[in-house]
Amino acid sequence: MSDSKSFFGNPDPIFADKELLRVSHLPQGDRIIGRDDELQSLAKAIKDAQRGGTPNNVLIYGKTGTGKSLCSKYITRDLADAAAENDVKVGIAYVDCFQESTETQTVRTIARSLNDPDQTDVTVPHSGVSTSDYYRRLWDILDSRLDVGIIILDEIDKLDGDNVLMQLSRAAEAGKVNKSTLGIIGISNKIRYKDTLNERVKSSLSERDFVFPPYDAGQLRAILRSRADAFREDVLAEDVIPKVAALAAREHGDARKAIDILRYAGEIADEHGTDTVHVEYVDEAHEREEQARLSELISKQPTHSRYLMLALALRTQETSEETPMIPTKQIYSAYQIVCDREGTEPLKMRRVRDLLSELAFLSLIEQDRKGRGKGKGAHTVNELVDDPELVSEACQSTR
DNA sequence: CCTCCACAGGAATTTGCGGGGT
DNA sequence: ACCCCGCAAATTCCTGTGGAGG
């Protein structure tokens with residue numbers, strides 16, 4: 001670094017095209033590995049939309065990183081292109097139900113992504129209108145600029161209530177839309193998800209069901225190799241890809257994880273200033289991936305939930321017990337100190353309890369109820385799932 | 001197996017925000 | 001410019017209960 005004239009002038013010694021290692025990167029058709037059957041079936045299920053007909057509604061199951069979202073996005077985009085050649089307008093809405101979990105948020109996101117203010121005179125405000133108003137606008141948008149709307153609901157099991165699904169699935173028959181039609185692709189991690197739905201929604205939503213199996217080590221290797229173009233020639237040591245694939249295969253065949261680890265391995269090599277990605281870097285890359293995943297999750301939490309995580313982490317580090325179980329009240333006092341330091345008014349106890357149980361739902365913490373004996377009442381104790389050091393680091397880095 | 005109470009958590013209510021309608 | 005709506009977040013009020021010690 002020090003002897004170079006420009007900070008940016010040097011060619012990257014490791015990466016040729018790092019974009020290929022971004023998980024959001026949508027590969028070309030021949031780059032999706034080991035999902036040929038699934039893509040075929042999906043295509044078959046929604047092919048009617050190509051000529052303006054109604055596609056089948058689809059439910060896809062499978063663990064994280066098995067290519068559910070990738071295949072859905074790819075196949076719908078392909079469909080939209082093919083339809084455009086027949087002068088059929090297909091709109092695609094992708095909703096991450098983890099982030100947009102309420103009915104209002106979901107409908108709003110769908111309406112927003114299908115809308116094009118230049119072509120419709122409908123606006124979709126961020127807030128300020130009722131849920132039914134969002135629906136009304138969505139139907140307007142569908143009728144005025146599209147022939148078919150395809151809605152991908154990712155992590156559909158995180159939706160609260162099935163009202164949205166009711167409304168969407170009966171839109172056509174209830175006469176909400178006339179000129180257009182719509183299809184739903186639901187994606188879920190839980191195979192049992194279907195059982196939690198009421199009959200009406202169940203039969204309409206799962207006209208076709210698919211299960212995406214985890215990738216095996218061989219497929220993971222193929223996936224990684226297909227993205228090896230991201231690296232310069234000959235920088236990857238012999239055993240790197242097999243080792244990364246083996247690590248990811250052990251953790252339920254998560255391709256996303258595999259790709260992330262590979263990218264981190266490259267970054268580590270870069271930091272070491274070498275032009276070879278050695279196998280030895282893979283373990284460190286694996287650690288880095290776990291830390292990053294934790295930071296991701298924590299940074300998405302609301303401010304006060306992060307303060308609570310920090311409070312719990314600090315309190316955990318203070319105690320000498322091997323498995324520190326911290327009562328809610330103790331977290332609360334630590335939390336008040338954190339708030340004080342940040343110059344924020346602390347939330348009340350009741351709200352904190354709710355936030356803590358949300359954190360438990362996300363598996364960031366674990367809760368357990370304990371009694372303290374006659375005349376002493378009962379209370380819940382909280383425990384961090386991850387290393388307190390890592391957690392507090394993740395909390396501090398988000399500002 | 002019963003007891004006892006601090007805390008858990010349900011329900012009702014308020015607050016704050018970002019918009020419509022007029 | 002004004003008032004009013006619907007929603008989510010937060011607060012207030014309150015009853016119910018988990019479970020160790022007796």
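Order of the sequence lines sets the chain letters (A, B, ...), proteins ahead of strands, with each chain counted from 1. Computation of the quantities below employed the complete heavy-atom set of this structure, encompassing side-chain atoms and omitting hydrogens, waters and symmetry-equivalent molecules.
Counting to the nearest Å, the C1' atom of B:dT15 and the NZ atom of A:K348 are 13 Å from each other. Atom CG in A:N382 sits about 12 Å away from atom C1' in B:dA8, given to the nearest Å. Taking atom CD of residue A:Q330 and atom P of nucleotide B:dA8, one finds them 12 Å apart after rounding to whole Å. The distance between atom CZ of A:R350 and atom P of B:dA12, rounded to the nearest whole Å, is 14 Å.
Between A:R137 and A:D140, no side-chain nitrogen of the basic residue sits less than 4.0 Å from a carboxylate oxygen of the acidic one, so the salt-bridge criterion is not met.
For the side chain to side chain contact (heavy atoms under 4.5 Å, CB included) with A:V391, the lone residue among A:L312, A:D386, A:L310 that qualifies is A:D386. Under the side chain to side chain contact (heavy atoms under 4.5 Å, CB included) test applied with A:I110, the options A:I152, A:L142, A:I141, A:L168 reduce to a single match, A:L168.
Looking at heavy-atom distances under 4.0 Å, A:G377 makes contact with a base. Using a 4.0 Å heavy-atom criterion, one finds that A:R369 contacts the sugar-phosphate atoms exclusively.
You'll find the side chain of A:L182 stays beyond 4.5 Å of the side chain of A:L146, heavy atoms only. Taking the side chain as every heavy atom from C-beta outward, A:L359 and A:Q367 never approach each other to under 4.5 Å. By the 4.5 Å heavy-atom criterion applied to side chains, A:V148 and A:D48 are not counted as neighbours. In this structure, A:V282 and A:D239 have side chains that are not in contact, with every pair of non-hydrogen atoms separated by 4.5 Å or more. Proximity of A:S69 to A:Y94: side-chain heavy atoms (C-beta onward) are separated by under 4.5 Å at one or more points.
Checking the phosphate oxygens (OP1, OP2) of B:dC7, a side-chain nitrogen or oxygen of A:K329 falls inside 4.0 Å.
From the 5' end on, the contacts that DNA chain C makes with chain A at under 4.0 Å to a non-hydrogen atom open and close at C:dG6 to C:dG21.
Looking at the side chain of A:R372, the nearest of the listed nucleotides B:dC7, B:dT3, B:dA8 is B:dC7.
Note on residues 278-300 of chain A: pairs passing ring pair (Phe, Tyr, Trp, His ring centres under 6.0 Å), not counting sequence neighbours, are A:H272-A:Y281, A:H278-A:Y281. Applying the ring pair (Phe, Tyr, Trp, His ring centres under 6.0 Å) rule to pairs touching residues 240-259 of chain A yields nothing, sequence neighbours excluded.
Figure legend: cation-pi geometry between A:R353 and A:Y332 absent, as NZ or CZ is not positioned both under 6.0 Å from the six-membered ring centre and within 45° of its axis.
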Run the numbers on A:L247 and A:R250 for side-chain contact (heavy atoms from CB on, under 4.5 Å), then give the verdict.
CA-CA 5 Å; A:L247 271 175; A:R250 210 176 303 152; 4.1 Å; yes
Contacts under 3.5 Å, N or O only, protein and nucleotides 17-22 of chain B:
from: B:dG18; atom 1: O4'; to: A:S127; atom 2: OG; distance (Å): 3.0
from: B:dG18; atom 1: O3'; to: A:S127; atom 2: OG; distance (Å): 3.3
from: B:dG19; atom 1: O4'; to: A:S127; atom 2: O; distance (Å): 3.2

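Within the helix from B:dC1-C:dG22 to B:dT22-C:dA1, the inter-axis angle between the opening and closing five-pair segments is 20°, rounded to 10°.
A:L59 and A:V211 fall within a single hydrophobic cluster, where Ile, Leu, Val, Met, Phe, Trp and Tyr side chains are chained together by heavy-atom contacts under 4.5 Å.
Residues of residues 351-364 of chain A having a heavy atom closer than 4.0 Å to DNA chain C, listed by number: A:R351.
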